[in-house]
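Values below: all heavy atoms of this structure, side chains included; hydrogens, waters and symmetry mates excluded. A, B, ... follow the sequence lines: proteins, then strands. Residue 1 opens every chain.
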There are 2 protein chains.
Amino acid sequence: MKKKETVTIYDVAREASVSMATVSRAINHNHNVKPETEKKVLDVVKRLNYRPNDVARGLASKKTTTVGVIIPNVTNSYFAALARGIDDIAEMYQYNIILTNSDGDEKKELKALNTLYSKQVDGLIFMGNEISEAVRSDMSNERIPVVLAGSVDSQNQFNSVNIDYRKAVYAQTNELLKNGNDRVAFVASHLNRSINKDYRIEGYKDALRDAGIPFRKTLLFEANEATYDSGYKLRNKLVQEEVTAAIVSNDDVAAGVMNSMSDSGINVPEQFEVATSDNTKLTEMTRPMLSTITQPLYDIGAVSMRLLTKLMKNEEVSERNILLPFGLKDRNSTK
Amino acid sequence: MKKKETVTIYDVAREASVSMATVSRAINHNHNVKPETEKKVLDVVKRLNYRPNDVARGLASKKTTTVGVIIPNVTNSYFAALARGIDDIAEMYQYNIILTNSDGDEKKELKALNTLYSKQVDGLIFMGNEISEAVRSDMSNERIPVVLAGSVDSQNQFNSVNIDYRKAVYAQTNELLKNGNDRVAFVASHLNRSINKDYRIEGYKDALRDAGIPFRKTLLFEANEATYDSGYKLRNKLVQEEVTAAIVSNDDVAAGVMNSMSDSGINVPEQFEVATSDNTKLTEMTRPMLSTITQPLYDIGAVSMRLLTKLMKNEEVSERNILLPFGLKDRNSTK
DNA sequence: AATAGCAGAGTAACCGTTTACATTCAAGTA
DNA sequence: TACTTGAATGTAAACGGTTACTCTGCTATT
C-alpha cells in the first residue's frame with residue numbers, strides 16, 4: 001500500500017525554493033508574481049501533483065465556493081429541471097452545490113439550513129412552495145445571500161426568480177373559458193401556499209371575473225402532494241362537481257388527473273380538458289399530450305444561480321425579483 | 001446593520017470558564033467530561049447560539065462529513081430516484097452530498113472528481129454507465145472509498161450496488177419470446193457500455209439461445225442518449241427490421257419508442273410490444289402503461305450510501321458487490 | 001547623487017477546530 | 001503516610017492554507 005502522503009503547499013514551496021506565500025500567489029494567479037516565478041512554481045505543482053486543500057482554503061479565506069440548495073424532492077421533474085440549471089451555472093462559476101431534499105417540510109428545511117450554515121456555504125438557493133416564519137427568520141438572520149428559485153415569498157423579502165404565475169394562469173384560464181367551459185377547476189397540491197393563494201388563484205379569479213363567471217370555492221381542489229397518484233385520486237371529486245376542465249399547477253398531478261379521467265372512459269379533451277403548468281418532458285409523454293404553460297425551467301435554475309453568484313461577490317444587482325417569460329403551449333389535452 | 005460577530009469555541013470557553021478543549025469535548029459528547037460540566041457548556045452554547053464551524057472541524061479532523069455524488073443527470077428519473085435514496089441515508093448518518101452532473105462525459109467526470117477531492121469529501125458515490133480508464137485510475141489512486149450505484153465496472157474493482165441485469169433481461173426477453181415474437185429488438189442508449197455489453201445483451205442472448213432463436217446483430221439498436229426524443233426517433237429503424245417487440249434499457253427511451261409506434265398507428269401491444277427496465281413512475285403514466293423490470297431504485301441509492309458509510313468508518317463489509325432483488329411487472333405494453 | 005516608488009518576494013499571524021500530551025486532584029492501596 | 005491510579009481538565013501544537021505587513025533592490029525622477 002502506497003503511503004500517499006498528502007503534499008501541501010509547504011512541499012511545493014520547498015521544492016520551488018520560494019516561500020509558501022509565493023506559492024499561494026502563484027496558484028491563485030495573483031499578479032504580484034514574476035511570470036517566471038509563477039511558471040517555476042506551477043511546474044513543481046504539476047510535478048508533485050499538488051492539489052490545494054479547499055477546506056484549509058475555506059478556513060483561511062472564509063469562502064467555501066459551495067452553495068447550499070434546498071429542494072423539496074429531486075425526484076420531482078419540475079425541481080429536478082431547476083436543479084440541473086443551478087448545477088450547470090454553479091460549475092461555470094466554480095461553485096459546488098450541496099443538495100438537500102426537504103419534502104417541503106419545515107422541520108427538514110430548518111435542519112438543512114442549520115447544517116448548511118455549519119458547513120459555511122457561501123450562498124443558498126431555496127426551492128419550496130412556502131416559506132414558513134421560522135425558515136424566514138433563519139434565512140434572514142444569517143448574512144449569506146439567498147435566492148428563491150421557482151418559489152415565492154409572500155413577504156417579498158428575498159431575491160427570487162420566477163415567472164408571473166398570476167398572468168400565466170390568467171391566460172390559461174381564459175383559453176379554457178373560451179372553449180366554453182364554465183365550470184373549470186383549479187387544482188394544486190396545496191391551495192393555501194403563497195404561490196397558489198396569492199398568485200395562481202388570483203389569476204384564475206381574474207379570468208373568471210373578466211368572463212363574467214362567478215368564482216366558486218368548490219371548484220378549488222387540493223391534491224395534498226405534488227404526485228401523480230394524488231392527482232389520480234382526484235377524479236371522483238372532480239366528477240362530482242361536474243367540472244369540464246381543470247387548471248393544474250403541477251405536471252405530475254395533471255398527468256394523474258388526466259389519466260384517471262381517460263381510464264374511466266371520460267374522453268380528454270372532448271369531455272374533459274386539462275391544462276398544466278410546468279412543461280416538463282412529461283407533458284409530451286402522456287397521451288394525449290398535455291397543454292401547458294411553458295416555463296423556462298432550466299433557466300429559472302440557471303438565472304437563480306447566476307444571480308446568487310453576483311450577490312456572493314457583492315455585485316450590484318438590478319432586479320431583486322426576476323420574472324422570466326412564460327408562454328402557453330396548446331397540445332392535445334385541451335380543445 | 002447588526003454586527004453579527006461569529007461566535008467561536010473560544011467565546012463559549014470563556015463564558016463557561018473552561019478551556020476550549022473541554023468545550024470541544026462537550027459538544028462532541030466525549031465521555032471524558034463530567035456531566036455537570038457538559039451541561040454548563042451546553043447551556044452556554046445555547047445561550048450564545050454557538051454553531052461549530054464545520055470547515056475548521058474538517059481541517060482539524062480531516063473529516064468533512066460530506067460525500068461526493070457524481071450523477072449523469074438529475075433530470076433523468078432513474079438516477080434521480082437513486083439520488084433521493086442516497087440523500088436520505090446520507091442525512092440519516094449526518095453526511096451531506098455534493099451533487100455533480102456529468103452527463104456521463106469523461107471530461108466532466110474527471111473534473112468533478114478533481115474538485116471533489118479538493119473539497120476533501122470523505123467518500124464518493126459514482127453513477128454512470130461506464131467507467132473509463134482515466135476515471136478508474138483517478139478513483140483508485142485516491143484513498144477515499146467509492147461505491148458505484150446502479151452502475152457496473154467491467155473490471156469489478158469497486159464496491160457496487162445493482163440488480164442482476166443479465167438475469168433480469170433474460171427473464172424479460174423470455175416473456176417476449178413466449179408471446180411469439182421471434183424478432184425482438186434490444187435497444188439501449190449506448191450498446192458498448194459495460195452494463196449493456198457485458199450484462200443486458202448477454203441476458204438477451206441467453207434467452208434467444210435457450211429458445212433456439214438465432215441472435216441477430218441487426219436487432220441491436222442504439223439511441224445515443226437516454227432520452228425520450230432519442231427513443232422516439234428510433235421508429236423507422238425498428239420498423240425496417242420488422243421488429244415486433246423491444247427490450248429497452250431505459251424508461252424514457254422506452255416511452256419514446258412506444259409513443260412513436262402508437263402515434264404512427266402501430267398498435268401497442270397487439271402489433272408491437274415494449275418492455276422497459278427501470279420501473280420509474282413514468283411507466284405508469286404512459287398509455288398503455290409500460291411493462292418493466294422492477295428495480296428497487298430508491299433502495300439502490302440508499303444501500304449504496306449505507307455501504308459507503310461503513311467503508312468510511314472502516315467497518316467490515318461482507319459483500320463488495322451487492323445485488324438487490326428485481327422483478328418483472330407485466331403491464332399493458334406487452335401481451 | 002539622493003530619494004521616492006514599486007515590483008517581487010518573505011514573515012508570520014490568523015482562520016476555528018481537534019487532539020496528543022501534560023497537569024491536577026481526589027480516592028484507593030499497601 | 002507515601003504512592004499509584006485514573007478521571008477531569010488544561011495547554012499548545014497541529015491541520016493547510018490566505019494575506020497584511022515588511023523587506024529588498026531596482027528604476028525613475030529631480
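Using a cutoff of 4.0 Å between basic side-chain nitrogens and carboxylate oxygens, A:E15 and A:K40 are not scored as salt-bridged.
Taking the side-chain hydrogen bond (donor to acceptor under 3.5 Å, both in side chains) definition, one finds that A:S61 meets it with nothing, sequence neighbours left out.
Pairs of residues two or more places apart, or lying in two chains, that qualify as side-chain hydrogen bond (donor to acceptor under 3.5 Å, both in side chains) and include a residue from residues 312-323 of chain B are B:S160-B:N321.
Both A:I27 and B:T37 sit near DNA chain D, but only B:T37 has its closest nucleotide nearer the 5' end.
Using modelled atom types and a 3.5 Å distance limit, the side chains of B:T65 and A:K119 yield a donor-acceptor pair. Side-chain N/O atoms of B:N32 and B:R25 include no donor and acceptor closer than 3.5 Å.
Rounded to whole Å, atom P of C:dC21 lies 15 Å from atom CG of B:N32. In this structure, B:N30 atom CG and D:dT9 atom P are separated by 11 Å, rounded to whole Å. Atom CD of A:Q120 is separated from atom C1' of D:dG17 by 16 Å (rounded to the nearest Å). Between B:K63 atom NZ and C:dT18 atom P the separation is 14 Å, expressed in whole Å. Note: NZ (B:K34) to P (C:dC25) measures 13 Å, nearest angstrom.
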If the sugar-phosphate is the primed atoms plus P, OP1 and OP2 and the base is the rest, what is the B/S/- string for nucleotides 10-15 of chain C, using protein heavy atoms under 4.0 Å? BB---B
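Side chain of B:E130 to backbone of B:S194: a donor-acceptor contact under 3.5 angstrom is found.
Listed pair A:T8 / D:dC15 fails the phosphate criterion, with no side-chain N or O lying under 4.0 Å from OP1 or OP2.
A:N28 comes within 4.0 angstrom of the backbone, heavy atoms only, and of no base.
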